[in-house]
Structure formats: C-alpha cells, structure tokens
Number of protein chains: 2
Amino acid sequence: MEVFTAVDPWTALASETRRRVFSHVASGPCSVTEIARQLPVSRPAVSQHLRVLLQAELVDVRRRGREQLYQPRPDGLNQLRQELETYWTQTLTTLKTLAEQSYQATTQASEGTSP
Amino acid sequence: MEVFTAVDPWTALASETRRRVFSHVASGPCSVTEIARQLPVSRPAVSQHLRVLLQAELVDVRRRGREQLYQPRPDGLNQLRQELETYWTQTLTTLKTLAEQSYQATTQASEGTSP
DNA sequence: ATAACGCGTAAGGTAACACTTACGTGTTTT
DNA sequence: AAAACACGTAAGTGTTACCTTACGCGTTAT
C-alpha cells in the first residue's frame, strides 16, 4: 500500500500502543521485531503502526541487512508542536481576558457598595 | 453520564471536528449552539464532543442564563505539551547521535583510503 | 542449495467512533 | 401559564480502527 497517503500526526499518535512504538523509535533506531518483543502485540501489528507513523512523517526507514531500521523524523512532530502552540496561546489569551474581566467586575461592585 | 471518566488528551484531539470545536472554545467562551452554527454537524454532536473535551480537562463549563458557556482549561494542553516535548528531545538526541556517527564513518573511511 | 530470519501485506472479526433523530429537563420570555 | 429557547442524553446506524492468523518475498547463514 501507498506510503504517500497522508496521515495527520494527531491521528497517528492517537493510539496508545502507537505512541509506545514511536517512543521506542524516538529513543534510537530499532527494527520491527525488536519493538514487537517489548510490546504486548504481534509483529504485524507493529509493522502496521509503523506504516501509519511513516505516513504522518514521524519516522523514517532504511535497510540494514535483512532488517528495516526505523528512526525518528522531526517533520510530523514539528507540525504537531506548531498547532499545539497555537491552541496554547489562544487558551492563555482567553484566560487572561477572562481574569481581567472578573477583576473589573469585583472592583466595580465594591465601588457601588462601599460609600 | 460521568464527567470523571478520564480521557487522555491525545484521544480527545484525535478527531478533526473535535479539534475545530476546541479551537472555537480556546478563542473565547462560547455556547454549544454558537459552535454548532459554525460547523457542519448537529448540535448534539457538538455537545458530545464537548463532553470528551471536558473529560480530557481541555475545557471548563459554567452556566450563564439558560446557556452553557464553555471556556478553555490549560491542564489537558499542558499534559500534551509535556509529552510532546519528551518525544521532541528524544528525537533530536537520536538524530544528533546518528549525525555524529555518520561523520565519524566518513572520516574513518577517508583515513583508510587516502595514503 | 536449503534452512532460518526479518519483514510487509492480505483477510477477517470485534470493538470503538462519529454522527443522526427523538425525547426530556431546566430557564427565560411573553 | 404557556411558548420558546438552550441544552444533555438515549437509541440506533454506518464507518473506521486495531488486532489477529496466514502467506509470500527477499536476505543472511549453514
């Protein structure tokens, strides 16, 4: 099947076991069987997860002898980081505004009631 | 249904339309119908998405009159940011090591062949 | 050459997901 | 008091996701 079928990194990292697969690859180059040995799923399952991670541009592959060495690729993570940063600044800005509004509300309330 | 059924933020933001829902909330407090009006899904669908976002601690609710005002909550995003930062440093460290190794390989190769 | 290894992919089954419509509850308006 | 509004949730449906076993292909070892 195609590796050029784009998959957005959110979908790619949505699966818990796929995150564990990626974490192994991110910690250093490793083969499919090597990963499968450390997880409670079959080797084909790992292989399928790695394909999704490839499509999300989160990992790369190269051959070494008869095994496929997977290694991390920054692109997908970077895209994720950018989107997340957008959400983060939006959130902080909104919360700041809300805090200022509630402050104004309390001071205005005490103005009207203190004298 | 329970709101205390934990949902990890990865799962929460895995859905495209749920991300759009969250983006609206992050940009400023808004009601359910208000969000549904800007999306190609029904109001109950938005309501269900908001419940998931609540369980992932990505949003908060408070009442205002007869509407529910949703606003962003930093907790879920923060957790996401931390995990993502771990992946990021793991990735960079691995790539740096690989770069150094391939450099050593080339210099060693030229040492053996130049004289 | 033959055996063993490492891998990808096809086929299939079960569970989860993202929607929809229908309905009931609380709050505001008239 | 009745009508209108905003919402949550139940029930049902079609699609997708994740996993398994079975198989075939290339590469290394004996």
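Order of the sequence lines fixes the chain letters, A, B, ..., with proteins taken first and strands second; residue numbering starts at 1 for each chain. Computation of the quantities below employed the complete heavy-atom set of this structure, encompassing side-chain atoms and omitting hydrogens, waters and symmetry-equivalent molecules.
Of the two residues near DNA chain C, A/Val32 and B/Thr11, the one whose nearest nucleotide lies more 5' is A/Val32. Checking A/Ala14 against A/Arg64, the closest nucleotide of DNA chain D that is more toward the 5' end is the one next to A/Ala14. DNA chain C is contacted by both A/Glu34 and B/Gly65; A/Glu34 maps to the nucleotide lying nearer its 5′ end (nearest heavy atom per residue).
Contact annotation: B/Ser42 does not reach the phosphate of C/dC19 (side-chain N/O to OP1 or OP2, under 4.0 Å). Phosphate proximity of D/dG8 to B/Ser47: present, with a side-chain N or O under 4.0 Å from OP1 or OP2. Between B/His49 and C/dC19 there is a side-chain polar atom (N or O) within less than 4.0 angstrom of OP1 or OP2. The side chain of A/Ser15 contributes no N or O atom lying less than 4.0 Å from OP1 or OP2 of D/dA17. Contact check, B/Tyr70 against D/dG8: a side-chain N or O comes under 4.0 Å of OP1 or OP2.
A/Thr94 approaches B/Ser27 most closely through the heavy-atom pair OG1-C, 3.4 Å. Looking at every heavy atom in both residues, B/Gln38 comes nearest to B/Arg20 through O-NH2, 4.5 Å.
In this structure, of D/dT20, C/dC19, D/dA4, it is C/dC19 that holds the atom nearest to the side chain of B/Thr17. Of the candidate nucleotides D/dT9, C/dC19, D/dA29, D/dT9 has the atom nearest to the side chain of B/Pro44.
In this entry the distance linking CG of B/Leu39 with P of C/dA18 reads 14 Å, nearest Å. B/Leu50 places its CG atom 14 Å from the C1' atom of C/dA18, with the value rounded to the nearest Å. The CD-C1' distance, from A/Gln48 to C/dA10, rounds to 10 Å in whole Å. Rounded to whole Å, the distance from CG on B/Asp8 to P on C/dC17 is 11 Å. Nucleotide C/dG6 holds its C1' atom 9 Å from the CZ atom of A/Arg63, rounded to whole Å. In this structure, the CD atom of A/Gln68 is 11 Å from the C1' atom of D/dT27, given to the nearest Å. In this entry the distance linking CZ of A/Arg51 with C1' of C/dA10 reads 11 Å, nearest Å. Distance, B/Glu67 CD to D/dG8 P: 11 Å, rounded to whole Å.
Side chains of B/His49 and B/Thr17: a donor-acceptor N/O pair is present below 3.5 angstrom, by distance only.
A salt bridge links B/Lys96 with B/Glu100: the distance from a Lys NZ or Arg NE/NH1/NH2 to an Asp or Glu carboxylate oxygen falls below 4.0 Å.
In this structure, A/Arg43 reaches the bases: a heavy-atom distance under 4.0 Å links it to at least one base atom across the strands shown. Within the 4.0 angstrom heavy-atom criterion, only backbone atoms of the sugar-phosphate kind lie near B/Arg18; the bases stay farther away.
Side-chain N or O atoms of B/Arg63 include one that pairs as donor or acceptor with a backbone N or O of B/Gly65 at under 3.5 Å.
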